[in-house]
Amino acid sequence: MSKTGRIVNFRLPFAAALALACGVAAAYLFTRYLVDYFYLIAVVPVAAVIFIVLLLVTRGKRAIVFFFITLAFFALGAIYAAVIFSSLISPPAVADGFATVEGVVEEVRATSTGEPYLVISSPTVNGLHVGGKMLVYLGEEAGGALSPGYKVSLYGYVGHYDLIAYGSLNYRVIGGASYYASAYGALQYSYGFSLFGTLRSAIYATLFDNLDYETAAVAYAMITGSTQDISSGTLEAFRFGGVAHIFAVSGLNITVLYVAVSALLKKLRANKWLSAAVSLLVIFFYTGMCGFTLSAVRAAIMCAVAALSSLTFNKYDGLNSLSLAVIIILLINPLNLFDVGFVLSVSAMLGIIFLSSGINRALRRLPSGLRSNISMSVASQAATFPALMLTFGYISGAGLLLNIVVLPLLTLLYIILFACTALCCVIPAIAPAVLPVAALPLQAVVNFLVGGGFERSLISGFGGWWVALFAAIAIAALSDKFNFSLTIRAAVGGVCAVCFALCCTLGGAVFGNETRIVAGGYYGGGMVLVRAQSGTTLILICDTYSGGISSFVNTYAPEGVDDLIILGGDDCAAYYYECGVDVQRVWLPPSNIQLGGLDGAEVFYEESFELYGTYYAFNNSFTLSAETNGVTFLVGAVENVDTDPVDLALLADGNAVADAVNIVYFNSSGGHFNLYTQGCLQFIANGGKLMLQGSVPPA
């Protein structure tokens with residue numbers, strides 16, 4: 001305990017930001033579990049009790065004033081978010097159907113299969129403003145080459161994104177797009193000017209015209225934060241190496257640019273106020289060029305607070321600065337709280353603020369530069385671990401070392417590439433000579449990460465969200481923001497470590513003779529894990545997103561998958577090459593399907609077989625029946641499912657009907673369970689009984 005006797009040095013901005021975030025999270029939970037917002041009034045008696053306690057134990061009015069300010073921010077977050085959620089789940093202003101769409105092109109992107117689509121702002125549907133953004137998918141008849149700023153008009157099918165998709169907030173809706181359109185016929189467009197879009201297009205053309213495609217895509221992502229052109233293999237290689245955050249325009253980019261501009265103006269002997277104003281103007285302009293991503297906005301706001309503190313001779317407080325940035329971003333849109341990039345950016349900053357000084361002191365015998373690099377890397381990775389675990393189901397074991405060794409190199413390469421790209425955009429004639437030379441080190445780093453095999457360093461199997469909670473408590477206890485004695489810190493850290501180990505051990509463990517049946521879905525298909533102590537089998541239905549499969553497997557089968565069963569016919573069988581799962585054996589129904597080049601996996605064409613105590617039988621290429629521990633279940637990928645009565649039916653087609661005690665649909669409403677709204681479900685089969693594990697939101 002400190003000499004002041006305080007456990008924590010209270011910071012009102014931090015308390016307000018935390019309360020605002022908690023209010024938004026509370027509104028989301030009420031929405032997710034279909035609880036009436038009226039019950040938020042339960043906060044009132046809790047607040048009254050806290051108020052009475054404060055009256056009894058505090059002498060001044062300051063604590064009471066701070067309490068009411070914090071409470072007001074919680075209420076603001078809950079009410080504001082509830083209004084937003086209610087508007088998003090209400091019937092759409094435009095029903096699904098064909099209509100005329102107009103808007104301004106904000107970005108030109110490509111899907112994972114290479115098909116082009118537009119992000120348009122200020123969209124109207126049959127003359128009605130629908131707000132936010134709209135995604136416009138282009139067919140072969142669309143025609144024309146558009147750039148940001150163009151005004152477009154098209155006729156096509158207009159659809160509406162649901163707020164909840166596969167058990168979580170739809171990332172499209174979080175990004176501001178509630179509607180999408182599929183163009184039917186040719187686009188009508190007229191020239192329009194977009195300053196930020198024009199600059200991004202100039203950078204894009206400069207890089208892609210003078211570098212090989214993959215190196216250009218990585219360089220473009222480092223400068224602008226857009227990873228849409230990076231191949232999935234390269235992007236995964238950066239993620240597996242734990243250095244994908246180099247593509248998030250945030251503190252690194254903003255700080256480098258701010259320092260460079262400030263140094264230039266200082267040499268020109270500019271007034272300090274003018275220098276700060278110009279530097280911040282450049283920072284926010286760069287943020288706009290990067291599409292005002294949340295990580296960039298967060299970094300720009302913190303940079304502005306630091307500059308203002310310096311000008312007014314006030315001590316800069318990183319935690320207060322971060323808190324102010326969080327408040328502003330959540331007040332702009334409370335859904336930003338659920339943006340993965342924003343969460344990782346804020347978590348990394350919290351880790352640096354909370355832990356880096358302590359780690360720095362522990363490494364005081366090392367050179368200052370190395371010490372600083374290690375402390376910031378370890379602190380940021382420790383703090384982002386909970387978010388990474390909950391989002392992707394794994395963390396990179398190689399990331400700790402690579403962030404210490406590779407990240408400084410990537411920082412230097414970013415500075416060189418940024419300067420050379422800017423120069424080549426101004427003087428295009430020198431680009432063919434300058435850019436290939438400047439990008440050679442980056443090309444070497446890309447080749448190193450792609451060929452490094454860092455996917456073997458992934459660590460998973462952490463259990464549920466409780467693990468993230470215990471990790472957060474441990475980080476807070478070990479930080480220098482709480483005035484705890486060494487004994488208390490050690491005790492809290494020890495308890496959290498024990499709880500962490502128990503969650504990791506028990507969260508995904510299979511006990512005794514039980515079998516765990518885990519169902520997950522994604523657009524167009526589904527996934528089923530059948531886990532026993534002796535082994536794990538993955539059943540794939542239709543063309544499912546490989547990234548979704550990876551997260552699903554890492555979360556629910558951390559020890560890996562032994563066998564793969566594929567349903568859905570020839571097309572789905574061929575999908576094995578893209579699903580990204582390493583297995584020992586692949587099982588297919590008797591047919592003419594031929595799979596080759598499976599990297600050592602054996603292929604079996606059997607009508608019936610047994611794996612790890614579960615007996616399987618193909619009814620046809622689209623339906624699989626199984627029995628385990630006295631429980632029968634089937635997995636169906638077509639409408640007509642004609643089998644004997646079963647305890648559990650997992651169906652891909654929303655029109656399919658089965659004689660089952662429990663029916664689960666992967667992509668459609670109806671049945672007893674719906675993975676689209678409820679998310680992954682886990683059943684336990686043991687002794688002839690089938691039990692549903694965990695808390696499940698209403699379908």
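Everything quoted here is computed from the prediction, not taken from an experiment. Values below: every heavy atom of this structure, side chains too, minus hydrogens, waters and symmetry copies.
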Query raised in the report: Is there a donor-acceptor pair closer than 3.5 Å between any side-chain N or O of Asn403 and the backbone N or O of Gly399?
Result: yes

Query raised in the report: Do you know the tightest heavy-atom contact between Thr536 and Gly560?
Result: CB-O, 3.7 Å

Report task. To the nearest 0.5 Å, tell me how far Leu264 CG sits from Ser279 OG. Result -> 9.0 Å

Query raised in the report: Can you tell me how far CG of Leu440 sits from CG of Leu413, rounded to the nearest 0.5 angstrom?
Result: 10.5 Å

Query raised in the report: Closest heavy-atom contact between Val108 and Val105?
Result: CG2-CG1, 4.0 Å

Query raised in the report: Can you find a side-chain donor-acceptor pair between Thr198 and Ser201 that sits under 3.5 Å?
Result: no

Requested in this report: Return yes when atom CE of Met289 has more than 12 non-hydrogen atoms of other residues, nucleotides or ligands closer than 6.0 Å, and no otherwise.
Outcome: yes

**Report entry** Gap between atom OG1 of Thr537 and atom CZ of Arg585 - 0.5 Å precision
**Finding:** 8.5 Å

Requested in this report: Would you sort out whether Ser357 and Asn360 count as a side chain to side chain donor-acceptor pair (under 3.5 Å), showing the intermediate values?
Outcome: CA-CA 5 Å; Ser357 60; Asn360 205 308; over 6 Å; no

Report summary line: Between the CG atom in Leu280 and the CD1 atom in Ile254, the distance rounded to the nearest 0.5 Å is 10.5 Å

Requested in this report: Could you tell me whether a side-chain N or O of Asn170 sits under 3.5 Å from a main-chain N or O of Asp162, the two making a donor and an acceptor?
Outcome: yes

Report task. Name the orientation class of the two ring planes belonging to Tyr204 and Tyr220 (parallel below 30°, tilted from 30 to 60°, perpendicular beyond 60°). Result -> perpendicular

Requested in this report: Describe, in one word, how the ring planes of Tyr137 and Tyr180 are oriented to each other, choosing from parallel (under 30°), tilted (30 to 60°) and perpendicular (over 60°).
Outcome: perpendicular

Requested in this report: Working to the nearest 0.5 Å, report the span between CZ of Arg172 and NZ of Lys133.
Outcome: 11.0 Å

Query raised in the report: Among Val528, Asp562, Ile549, which residue meets the side-chain contact (heavy atoms from CB on, under 4.5 Å) test with Leu538?
Result: Ile549

Query raised in the report: Got a second to check how far Ile223's CD1 is from Tyr414's OH, nearest 0.5 Å?
Result: 7.5 Å

Query raised in the report: Less than 4.0 Å between a side-chain N and a carboxylate O, is that true for Arg200 and Glu107?
Result: no

Query raised in the report: Between the main-chain N or O of Ser380 and the side-chain N or O of Thr384, is there a donor-acceptor pair closer than 3.5 Å?
Result: yes

Query raised in the report: If only atom types and distance count, is the side chain of Thr287 paired as donor or acceptor with the main-chain N or O of Ile283 below 3.5 Å?
Result: yes

Report task. Kindly say whether the aromatic ring centers of Phe418 and Tyr286 come within a distance under 6.0 Å. Result -> yes

Query raised in the report: Parallel, tilted or perpendicular: which describes the rings of Phe454 and Phe448, with under 30° parallel and over 60° perpendicular?
Result: perpendicular

Report task. Walk me through it: do Phe552 and Tyr522 pass the test ring pair (Phe, Tyr, Trp, His ring centres under 6.0 Å)? Result -> CA-CA 10 Å; Phe552 177 70; Tyr522 201 75; over 10 Å; no

